[in-house]
Amino acid sequence: MALSGAQKDRGELRIHESMDELKTDLADYIAELSDVSLKERGFFAIALSGGSLIGLLGKLCESPYNKTVDWSKWYIFWADERVVAKNHADSNYKLAKDGLLSKVPIVPSHVHSINDSVSAEEAADDYEFVIRQLVKTHVVNVSEINDCPKFDLILLGLGPDGHIASLFPNHSALDEREEWVTFITDSPKPPPERITFTLPVINSASNVAVVVTGEGKAEALHLAIDEVGPDGPLIPARMVQPAIGKLVWFLDKQAASKLENSNLNN
Ligand SMILES: O=C1O[C@H](COP(=O)(O)O)[C@@H](O)[C@H](O)[C@H]1O
């Protein structure tokens, strides 16, 4: 049985007893958001991350989701991508293709991966251009409070250093306020060249889910969620603060083990 509760200003915490429970809850949550978006506006624009997240989405390829989800209306984006060839082991696209996209009937032209044949800077510019075109056709909604795209759902992982997408601690990319997609060439985690959604885009989404498992992320999760005082470190995950949208944390017990309030009850 999952523990669920709201943490003041830090969104909803869902702490799961087992990986199986977490995966089912995550699949239910995504399928439900997809239904709501399709009813409301006819499209579901979802941005994926890479890393361990994809392995946790596996239930979506299974019954009942593979039959009940209307995959034909899904539009896939990446909250961040490594600037490597699409068939490279480090590619977030490859990870998602192998683990999810090749197993469900998503329309190939709805899969918006980055241009892997140009520099990181050009890839970021190209990706932003693509999103701008899709905002014009309403495939991606636009925020009512700024001119940012409003993705129906952005799925994020969390690095042990507190990074989300490819926004790393103390990196100048965290200060980007104009661009929707930016690039870095000095990622502390290899590979060095990456593109990433900026904080304004992440915080303009209708829904943001951060999926975190394992003891190795417990300290970062504590710093992301608990009160750390004015002198505490401001890690990127703490800057995930949707302006209007809903923030949900999908956690296992190990990741939640350092939270001050991990015995949440509604
Ligand atoms: O490099 C990245 O790391 C984060 C976290 O990955 P994880 O394997 O520790 O879950 C991931 O969310 C991001 O998309 C990826 O590019």
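Both backbone and side-chain heavy atoms feed into the values below; hydrogens, waters and symmetry mates do not. Counting convention: from 1, in listed order, for ligands and their atoms alike.
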Quiz item: Any chance the side chains of W78 and S113 put a donor and an acceptor closer than 3.5 Å?
Solution: no
S72 vs D70, side chain to side chain donor-acceptor pair (under 3.5 Å): CA-CA, chis, key distance, verdict: CA-CA 5 Å; S72 68; D70 185 354; 2.6 Å; yes
Within the heavy-atom cut-off of under 4.0 Å, ligand 1 is lined by S49, G50, G51, S52, D80, R82, N92, G157, L158, H163, A165, K189, R194, K217
Determine whether the aromatic ring centres of residues F250 and Y29 are separated by less than 6.0 angstrom. yes
CZ (R82) and CG (D116) are apart, to the nearest 0.5 Å, by 14.5 Å
With under 30° as parallel and over 60° as perpendicular, where do the rings of H112 and F77 fit, or are they tilted in between? parallel
- Query: Honestly, is R14 close enough over W249, meaning NZ or CZ under 6.0 Å from the six-membered ring centre and within 45° of the axis?
  - Reply: no
